[in-house]
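The model shown is predicted, which means the values in this text are computed figures rather than measured ones.
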Amino acid sequence: MKIKRDENWTTTNNGVPLNNDEVARYLSVVPTAAQAEHAKQPFYCFVHFGMNTATGREWGNGTETVHDFTIEKIKPAQWVKTVKAAGASGLILTCKHHDGFCLWDTGTTDFNVMHTLLAKDVVAAVSKECRAQGLHFGVYLSPWDMHEKCYATPQYNDFFCRQLTELLTNYGEIFEVWFDGAKGADAKAFDYDWERYYRIVRTVQPNANIAICGPDIRWVGNEAGKIRKSEYCVVPESLTVAETVEKNSQHYADKTVPQRLTSKEADLGSRAVLEKNTNLVWYPAEADVSIRKGWFYPGGGKVKSVKKLFRLYLNTVGSNTFLLLNVPPTDKGVIARKDKARLKKLGAKIADIEKQPVLVQSFGMLKESDDVLEFRFDSEKKLRYCVLSEDITHSQRVEQFDLYLQKPSGKYKRVYKGTVIGMQKIIPLKGKAVGALLIIRQSRSTPFISKIGFYE
């Protein structure tokens, strides 16, 4: 294959402007300090545990009492150890799901874990273990509450804010606050005071990112880990409107949200989209998906294979998207043996990606003389991965690139044709090589490449 080395960002830039006022507008959008820090921990786990674990449901029905929570023992140390073994950097606990049952010692309602046989502040126990084992801790608090009598009245926003303040005040540093828009189709119409919720988070936990129905991390749009071909971080501000996320969220307990993206949703951040929107934001995607079909144990029983879990990791974390993998404990208070074993193997496969480096380089801002990045290995190598990252503190710039490997014969072969890089791009490779070429075909101004690594 003939390599068109002259068709790159320093020359044609695919026929689009390299620098102009419009490009400068895109580049002015950069992550906050909290978002930039979050990008360093792209894989973390959800832990769905609560009343539904005891009753065997996915959603409650609003009639449960504290006596229905029959779980007497939990092993939070095992939960955290299992999550850590998977290679995850954090854990988000479902502190309150839609049934309204609270897993902490709350002063807002008697419908909480302290009035059960367990009589243990689960949020305290899990957050303590996360700190002890070096994991970040996050909280999920369902805005919809089937149990609370004041729901859908003005008093509910006060009630919810008291719960949120308790969680953000009493359990140490919080790295992510997760709100969703799921609500039963027959639930009473009610407008959540999202801006008030956000102010509480910003005040009490200023380093926390607010996800999904929030301004910091956007929902990828499904619960199957499917992402777009080009998952941009710079997108129209209109995507942060919580009410829109609510509308597209789950509204039936027995029906999951769409498992694939439609063509209408395929492009959120190209130049063609951004030029039509005055206000832009840094709003990276997060894919939430369960290790089982459902979110609470047993969740359909079937556990995803290690192969499928690793493919999920490569397709999300390896394509500029955060991965939030749900791991539900059983009604015995532990993560099931099969789940635990597969997560441990997943962690080993993730660690293997960069275990044997062949060549790793950092560039920073490229120069015009860096029109093609050439790499020479010290000997013939059997490559398995290439990992690329942009310096996102200078926004997201690369829009198209090609990766070539130089075979032992001296010939070059294109092994990957890509679009965005962003926080991280992981490219699986096969075959032997003595070198490589990275050609950036299109960029928003001069690219900032913080890292490119080849691994065998």
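- Here the closest heavy-atom approach between residue Leu405 and residue Ala436 is recorded as CD2-CB, 3.9 Å.
- In this structure, OG on Ser319 lies 9.5 Å from CD on Gln424, to the nearest 0.5 angstrom.
- The shortest side-chain heavy-atom distance between Ile210 and Arg202 falls under the 4.5 Å cut-off.
- For His48 and Tyr297, the ring centers are positioned 6.0 Å apart or more.
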(message) Is there a side-chain contact (heavy atoms from CB on, under 4.5 Å) between Asp68 and Thr70? Walk through the geometry before answering.
(response) CA-CA 6 Å; Asp68 292 312; Thr70 54; over 6 Å; no

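- Ring to ring, Phe137 and Phe175 are not that close: their centroids are 6.0 angstrom or more apart.
- With hydrogens and angles disregarded, a donor-acceptor distance shorter than 3.5 Å links the side chain of Gln205 to the backbone of Ile174.
- Listed for the Asn315 side chain is a donor-acceptor partner under 3.5 Å among the backbone atoms of Arg311.
- When all heavy atoms of Lys84 and Gln133 are compared, the closest pair comes out as NZ-O, 2.5 Å.
- Of the N and O atoms on the side chains of Asn326 and Ser290, at least one donor lies less than 3.5 Å from an acceptor on the other residue.
- By the 30° and 60° cut-offs, the orientation of the rings of Phe160 relative to Phe179 is tilted.
- Between the OG1 atom of Thr63 and the CG atom of Asp99 there is a distance of 10.5 Å, given to the nearest 0.5 Å.
- For the pair Arg444 and Glu399, the salt-bridge criterion is met [side-chain N within less than 4.0 Å of a carboxylate O].
- Checked by atom type and distance alone, the side chain of Glu231 never pairs as donor or acceptor with a backbone atom of Ala285 at under 3.5 Å.
- In this structure a side-chain-to-backbone donor-acceptor pair under 3.5 Å is present from Thr169 to Thr165.
- Partner of Trp144 under the ring-ring contact (aromatic ring centres under 6.0 Å, His included) criterion, out of Trp59, Tyr156, Tyr192, Phe190: Trp59 alone.
- Annotation: salt bridge (Lys or Arg N to Asp or Glu O under 4.0 Å) contacts of Arg342 (sequence neighbours excluded): none.
- A donor atom on one side chain and an acceptor atom on the other are not found under 3.5 Å apart for Tyr385 and Gln356.
- Aromatic ring centroids of Phe322 and His38 lie under 6.0 Å apart.
- Put simply, the side chain of Arg384 never gets that close to the backbone of Leu429: no donor and acceptor are under 3.5 Å apart.
- With Ser89 contributing its side chain and Tyr44 its backbone, the two residues share no donor-acceptor pair below 3.5 Å.
- Atom CG of Leu314 is separated from atom CD1 of Ile426 by 5.5 Å, given to the nearest 0.5 angstrom.
- By the 4.5 Å heavy-atom criterion applied to side chains, Glu64 and Phe111 are counted as neighbours.
- Nearest heavy atom pair, residue Gly299 against residue Arg292, reads O-CB, 3.3 Å.
- For the pair Lys451 and Glu354, the salt-bridge criterion is met [side-chain N within less than 4.0 Å of a carboxylate O].
- Around the NZ atom of Lys355, the shell of radius 6.0 Å holds no more than 12 heavy atoms that belong to other residues, nucleotides or ligands.
- If you take CZ on Phe159 and CG on Asp145, they are separated by 5.5 Å, rounding to the nearest 0.5 Å.
- The side chain to side chain contact (heavy atoms under 4.5 Å, CB included) test applied to Val273 returns Pro236, Asp267, Ser270, Asn277, not counting sequence neighbours.
- When side chains are defined from C-beta on, Trp178 counts as touching Leu324, because their heavy atoms get closer than 4.5 Å.
- The line from OH of Tyr455 to NZ of Lys381 is 14.0 Å long, rounded to the nearest 0.5 Å.
- Counting only distance, with no hydrogens or angles, the side chain of Arg162 and the backbone of Gly107 share no donor-acceptor pair below 3.5 Å.
- Nearest heavy-atom pair across Val420 and Lys425 is O-CD, 4.2 Å.
- Using modelled atom types, no side-chain atom of Asn52 and backbone atom of Gly56 make a donor-acceptor pair closer than 3.5 Å.
- For Lys304, the NZ atom sits in a packed shell: over 12 heavy atoms of surrounding residues, nucleotides or ligands are nearer than 6.0 Å.
- In this structure, Trp104 has its ring center at least 6.0 angstrom away from the ring center of Tyr171.
- Summarising the geometry, atom NE2 belonging to His115 is positioned 12.5 Å from atom OG1 belonging to Thr65; distances are rounded to the nearest 0.5 Å.
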(request) Would you sort out whether Phe363 and Ser450 count as a side-chain contact (heavy atoms from CB on, under 4.5 Å), showing the intermediate values? (result) CA-CA 6 Å; Phe363 290 91; Ser450 62; over 6 Å; no

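- Checked by atom type and distance alone, the side chain of Asn320 pairs as donor or acceptor with a backbone atom of Met423 at under 3.5 Å.
- A 4.5 Å side-chain heavy-atom check between Val306 and Lys349 finds at least one atom pair inside the cut-off.
- For the residue pair Asp180/Tyr140, the side-chain donor-acceptor check at 3.5 Å is satisfied.
- The shortest distance between side-chain heavy atoms of Leu346 and Leu325 falls below 4.5 Å.
- In this structure, Arg199 and Thr203 approach most closely via the heavy-atom pair O-OG1, 2.8 Å.
- Of all heavy-atom pairs between Ala208 and Asp216, the closest is O-OD2, 4.0 Å.
- Of the candidates Leu164, Leu167, Leu168, Val177, Val204 forms a side chain to side chain contact (heavy atoms under 4.5 Å, CB included) with just one, namely Leu168.
- Between Phe49 and His97, the ring centre distance reaches or exceeds 6.0 Å.
- Between Thr419 and Ser230, the side chains place a donor N or O and an acceptor N or O closer than 3.5 Å (distance only, hydrogens not considered).
- Glu37 places no side-chain N or O within 3.5 Å of a backbone atom of Ala34 that could act as its donor or acceptor partner.
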